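Single-structure report; data block below.
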Amino acid sequence: MEFSAQQIAEFLNGEVKGDVNVKVSNISKIEEGKPGTISFLANPKYEKFIYETKSSIVLVNKSFKPTKNIDSTLVLVDDAYDAFATLLSIYDEFIRNKEEISNLCFVEKSADVSGAKYLGAFSYIGHNVVLGKNVRVYPQVYIGDNAKIGDNTIIYPGAKIYHSSEIGNNCVLHSGTVIGADGFGFVPQENGEFKKVPQVGNVIIEDNVEIGSNTTIDRATFGSTIIKNGAKIDNLIQIAHNVEVGERTVVAAQSGISGSTKVGKNSMLAGQVGLAGHLTIGDNVKIAAQSGIAQNIKDGEIVQGSPAYSVRDYQRAYIYFKRLPDTEKRVSDLENELKELKELLKSK
Amino acid sequence: MEFSAQQIAEFLNGEVKGDVNVKVSNISKIEEGKPGTISFLANPKYEKFIYETKSSIVLVNKSFKPTKNIDSTLVLVDDAYDAFATLLSIYDEFIRNKEEISNLCFVEKSADVSGAKYLGAFSYIGHNVVLGKNVRVYPQVYIGDNAKIGDNTIIYPGAKIYHSSEIGNNCVLHSGTVIGADGFGFVPQENGEFKKVPQVGNVIIEDNVEIGSNTTIDRATFGSTIIKNGAKIDNLIQIAHNVEVGERTVVAAQSGISGSTKVGKNSMLAGQVGLAGHLTIGDNVKIAAQSGIAQNIKDGEIVQGSPAYSVRDYQRAYIYFKRLPDTEKRVSDLENELKELKELLKSK
Amino acid sequence: MEFSAQQIAEFLNGEVKGDVNVKVSNISKIEEGKPGTISFLANPKYEKFIYETKSSIVLVNKSFKPTKNIDSTLVLVDDAYDAFATLLSIYDEFIRNKEEISNLCFVEKSADVSGAKYLGAFSYIGHNVVLGKNVRVYPQVYIGDNAKIGDNTIIYPGAKIYHSSEIGNNCVLHSGTVIGADGFGFVPQENGEFKKVPQVGNVIIEDNVEIGSNTTIDRATFGSTIIKNGAKIDNLIQIAHNVEVGERTVVAAQSGISGSTKVGKNSMLAGQVGLAGHLTIGDNVKIAAQSGIAQNIKDGEIVQGSPAYSVRDYQRAYIYFKRLPDTEKRVSDLENELKELKELLKSK
């Protein structure tokens with residue numbers, strides 16, 4: 001892909017100052033600019049670089065007034081940062097755009113893949129599966145029987161979706177993610193062995209959800225494990241059976257949510273957080289990294305610790321924890337002084 | 001699948017009260033019952049729902065005496081909960097029952113897959129592999145050279161089993177699980193670089209073991225990493241080289257066990273627990289979530305903390321940790337009071 | 001594979017004492033020796049086993065002087081431990097040596113796989129991919145468009161490498177590892193929804209890096225996420241966008257490094273460690289297991305805790321943490337004694 005300054009300006013509704021025919025095929029930071037690339041200048045702190053950069057094109061705000069000579073061709077736009085972000089999205093979409101139905105993808109006869117835009121090699125599409133419009137399925141994906149995938153959803157290489165899972169529109173599932181494996185349920189028997197509890201529910205992922213790599217979301221024992229609209233789930237996360245994650249809640253890498261816990265909307269779990277089972281976590285909750293949650297949390301609370309409580313109180317207590325060797329010494333000193341004082345008084 | 005009340009009653013050794021021909025094809029909770037589904041009533045607290053439910057069939061105890069009119073057909077059994085669990089198992093088995101040898105599964109000539117019930121597309125079966133009777137291998141599974149898989153074992157899509165691994169009978173391995181990758185062993189050289197220690201052992205998984213999604217169990221440096229009979233291992237767990245996990249021990253999600261540590265039988269590791277290497281953990285041990293184990297643990301102990309010790313002592317200490325800001329203030333007050341007292345005495 | 005004592009002695013530049021024609025096909029510990037296997041004796045503590053072992057061949061130091069009769073054939077070498085390690089490496093390489101270009105591997109026309117030694121079934125090699133010399137790609141691997149793989153690198157079954165990733169020479173990537181999935185970047189919008197930040201950078205893995213199973217290394221938002229020469233990364237590790245891991249740094253299982261954090265060289269992260277984003281961690285740093293890092297760390301520091309600080313100070317504070325119930329009682333006793341003393345003085 002190669003674009004001229006003229007083409008970029010037209011696309012971004014901007015204005016060229018310099019060579020309208022200069023072409024770029026890649027992007028770079030302004031301070032690391034190379035010929036054939038496009039950069040942007042938005043933050044005035046970086047202004048000095050625009051006079052030195054080797055980038056062929058630089059996006060700048062219309063309001064920018066150069067104080068020295070500039071070698072690069074400029075494209076003047078209302079908001080250079082925003083325009084650059086738009087270019088990045090287009091560039092990224094272009095790079096990833098796959099339109100091909102591989103004849104090495106195995107599709108069961110009863111599946112409806114008519115709307116799919118991309119079906120990669122060595123993927124397996126099970127019985128009665130329905131793929132929405134513009135769905136892209138990369139190679140080596142597994143979609144089990146009776147699963148449904150909504151419009152515009154992208155499933156990256158090697159994601160595994162067990163039978164009867166339901167994935168919404170505009171979702172992204174990254175490589176190695178496993179949706180709908182059995183919940184971890186075993187009933188101890190009299191002889192000490194465990195009997196497996198059948199896991200006959202499913203997983204429902206609503207619209208606009210992104211799920212990172214190698215995350216695991218187990219199917220419900222009965223009913224559904226649900227990830228609600230707009231939630232963002234990072235890598236290597238464990239979501240157990242019958243969990244619910246609320247709208248637009250964000251879960252950072254390596255966190256785990258135990259069975260039947262419900263997390264509200266607009267909440268944020270930092271990395272490596274663990275939640276016990278059967279809890280109710282409110283809306284707009286924030287949980288600090290590595291915290292362990294053993295109790296319900298009300299709307300708007302911010303917590304830390306293992307077990308976690310108010311973040312402010314935790315952080316204060318931790319300051320005194322660090323001082324403990326000193327505090328202990330002060331207590332010993334007090335004991336000695338008091339003892340001396342008593343002996344002194346006794347001797348009088 | 002559709003079953004009549006008559007068929008279900010015969011199967012469960014129960015008795016129909018209502019329309020023997022009414023058919024169901026799915027299951028539902030009694031409070032969310034729909035036509036064409038079967039529910040159950042076991043807990044008397046839920047009795048009111050049986051008079052309102054739209055479920056076509058409800059399983060009830062023979063001892064149940066309705067106090068109002070019921071629209072659903074009833075199937076009377078000795079224990080409605082138990083009968084329902086049995087139905088769930090059958091339903092689940094039916095849904096998942098796969099009997100097909102895909103010609104898109106690649107099997108090396110020296111492998112013996114004659115007993116397999118299901119070999120999915122795009123799976124690879126290596127040289128000299130032996131699959132037991134009724135083994136089900138879903139799509140995209142890798143089974144390396146010389147591996148052995150016991151009877152009735154199920155391997156879900158995309159699980160990877162390295163060469164020479166041995167999996168027992170009646171095991172379940174979920175998607176993305178990796179069995180037998182190299183243990184993490186490197187010897188520092190004089191020049192600061194690391195030299196890989198060859199990992200020539202294997203992994204042995206005994207009978208009746210279930211392993212969740214995206215769990216990793218490394219092969220032994222020498223000898224075997226062993227998961228013993230009836231152990232249950234959840235998702236995203238790390239089991240390092242030369243570890244042993246005892247009979248019927250349960251490990252919850254995201255826990256990790258470092259190299260050469262031996263865990264006894266009937267023990268329970270909660271989620272996100274970490275065990276250091278070369279430890280001996282006894283039988284019937286319980287480890288609280290997020291604990292870090294740095295020392296051996298005796299039979300029957302229950303521990304918490306990082307590093308962990310007696311759960312009761314940890315929880316008591318944590319109460320005082322939360323009070324530390326107050327305790328510190330009390331120590332300061334004592335210091336001030338004692339100082340004042342001394343000055344008072346001196347002045348006398 | 002079967003080797004005679006003569007062949008082994010020639011290979012190791014050693015000397016046979018016993019039957020030069022005796023053959024072995026496997027290895028064993030000297031205390032568990034069986035006919036047809038080779039063992040070694042290096043540690044004098046194990047000397048007694050050499051008189052009892054059933055191993056057909058035992059490697060021993062030339063300096064070893066037996067005090068009783070030995071049934072096994074001996075191969076005398078300068079350093080038995082070292083010679084055995086060499087044999088293990090050869091044995092391991094022999095077992096794993098794969099030389100086959102499967103016609104079930106799908107290679108896009110523009111890819112250059114001419115140097116590959118092994119291309120397994122059901123792997124996918126994207127457009128413009130370049131594989132170096134002697135590269136081994138096991139089955140079910142995905143290598144996205146424009147990715148480059150250096151000489152002698154081994155990619156185990158099911159590893160997924162997104163487009164434009166660059167992997168160096170002599171690397172090992174284990175099963176289920178995901179390289180180059182999108183960094184976790186979302187910008188909150190005014191309506192509370194999140195907009196995805198395009199992730200247009202890549203991942204660069206330099207030479208001599210080993211990466212364990214089911215680890216995830218995200219591509220940079222812009223620029224590169226970099227794993228430097230000789231770093232060793234264990235299983236189930238999360239490495240976020242724009243992170244850098246220094247030369248020969250070792251990261252143990254289940255640790256996570258948040259976005260844009262730079263870790264220096266020759267450092268060691270123990271298991272289940274978490275690092276916040278945008279930090280600078282020095283060279284030769286050691287971080288204890290389960291620690292949480294919220295601040296920069298200088299060269300050579302050793303830290304523990306969550307949040308972490310000096311390991312010595314943390315461990316001392318933790319001792320006093322365990323004593324907190326006792327300390328609290330001492331403070332209460334002091335309060336009571338002081339109160340009594342004051343009342344006593346007042347009454348005088």
Side-chain angles (χ1 to χ4, degrees), chain B residues 106 122-124 140 142 144-145 158 160 162-164 176-178 181-182 184 186 192-194 196-200 214-216 218 222-223 236-238 240 254 256 258 272 274 276 290 292 294 305-307 309 313-314 316-317 319-321 323-324 327 330-331 333-334 337-338 341 344-345, chain C residues 27 29 32 85 88-93 95-96 102 104 120-122 138-140 156-158 172 174-176 208 210 212-214 229-230 232 234-236 247-248 250 252-254 265-266 270-272 288-290 306 315 318 321-325 327-328 331-332 334-335 338 341-342 345:
Chain B
F106 187 85
F122 313 127
S123 282
Y124 171 87
Q140 301 144 341
Y142 173 87
D145 299 345
K160 307 299 178 199
Y162 279 50
H163 70 275
S164 309
T177 271
V178 179
D182 289 351
F184 195 61
F186 302 92
E193 293 176 7
F194 291 98
K196 185 174 172 72
V197 178
Q199 304 288 313
V200 302
N214 287 346
T215 279
T216 59
D218 284 350
F222 202 82
L236 291 167
I237 287 163
Q238 154 71 354
Q254 297 178 316
S258 304
Q272 298 182 335
Q290 297 191 324
S306 177
Y309 58 107
D313 292 344
Y314 177 82
R316 278 186 66 210
I319 290 168
Y320 294 113
F321 167 83
R323 284 188 205 163
L324 270 178
T327 305
R330 286 163 61 197
V331 172
D333 289 348
L334 279 169
E337 287 179 48
L338 193 60
L341 190 60
L344 181 75
L345 289 172
Chain C
I27 53 188
K29 294 184 187 172
E32 300 168 354
L88 284 188
S89 292
I90 293 163
Y91 174 80
D92 196 39
E93 174 62 23
I95 288 278
R96 299 188 194 215
S102 170
L104 296 175
F122 313 126
Y138 277 73
Q140 300 145 340
Y156 280 103
V172 177
H174 282 284
S175 285
N208 308 308
E210 180 152 345
S213 304
N214 287 346
N229 200 320
K232 306 296 177 189
D234 201 354
N235 299 342
L236 290 168
E247 289 86 351
R248 297 175 300 282
V250 174
Q254 297 180 315
K265 60 189 179 189
N266 301 319
Q272 299 183 334
Q290 297 192 324
S306 178
Q315 291 182 352
Y318 197 74
F321 167 83
K322 292 165 88 166
R323 284 189 206 161
L324 271 178
T327 304
E328 173 96 1
V331 172
S332 297
L334 279 168
E335 286 168 338
L338 193 59
L341 190 60
K342 280 180 171 178
L345 289 171

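Reckoned from all heavy atoms, side chains included, excluding hydrogens, waters and symmetry mates. The model shown is predicted, which means the values in this text are computed figures rather than measured ones. So you know, we letter chains A, B, ... as the sequences are listed, proteins then strands, and number each from 1.
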| request: Starting at OH of Tyr320(B), measure out to OG1 of Thr327(C) and round the result to the nearest 0.5 Å. | output: 10.5 Å
| message | Would you compute the distance between atom OG1 of Thr216(B) and atom CG of Asn214(C) and round it to the nearest 0.5 angstrom? | response | 6.5 Å
| field | Any side-chain heavy-atom pair of Pro198(B) and Tyr91(C) under 4.5 Å | value | no
Proximity breakdown for [X] and chain B, heavy-atom pairs closer than 4.5 Å:
| X | value |
| --- | --- |
| Leu338(C) | side chain |
| Gln315(C) | neither |
| Leu334(C) | both |
| Val172(C) | neither |

| query | Are any side-chain N or O atoms of Gln140(C) and backbone N or O atoms of Gly158(B), one a donor and one an acceptor, separated by less than 3.5 Å? | reply | no
| query | Okay, side chain of Tyr318(C), backbone of Pro307(B): is any donor-acceptor separation there less than 3.5 Å? | reply | yes
Could you look at [X] and say if it's the side chain, the backbone, both or neither that has a heavy atom under 4.5 Å from chain C?
| X | answer |
| --- | --- |
| Asp182(B) | both |
| Thr215(B) | backbone |
| Leu345(B) | side chain |
| Leu324(B) | side chain |
| Phe186(B) | side chain |
| Leu341(B) | side chain |

| request: Is it possible for you to check whether Lys160(B) lies under 6.0 Å from the centre of the six-membered ring of Tyr156(C), through NZ or CZ, and within 45° of that ring's axis? | output: no
| query | Are any of the side-chain nitrogens in Glu328(C) or Arg330(B) under 4.0 Å away from the carboxylate oxygens of its partner? | reply | yes
| field | Plane angle bin for Tyr309(B) and Phe321(C) - parallel if under 30°, tilted between 30 and 60°, otherwise perpendicular | value | perpendicular
| request: Search all heavy atoms of Gln290(C) against all heavy atoms of Ser306(B) and return the closest pair with its distance. | output: OE1-OG, 2.7 Å
| query | Which one, Asn266(C), Asn235(C), Leu88(C), Val331(C), leads in non-hydrogen pairs under 4.5 Å with chain B? | reply | Asn235(C)
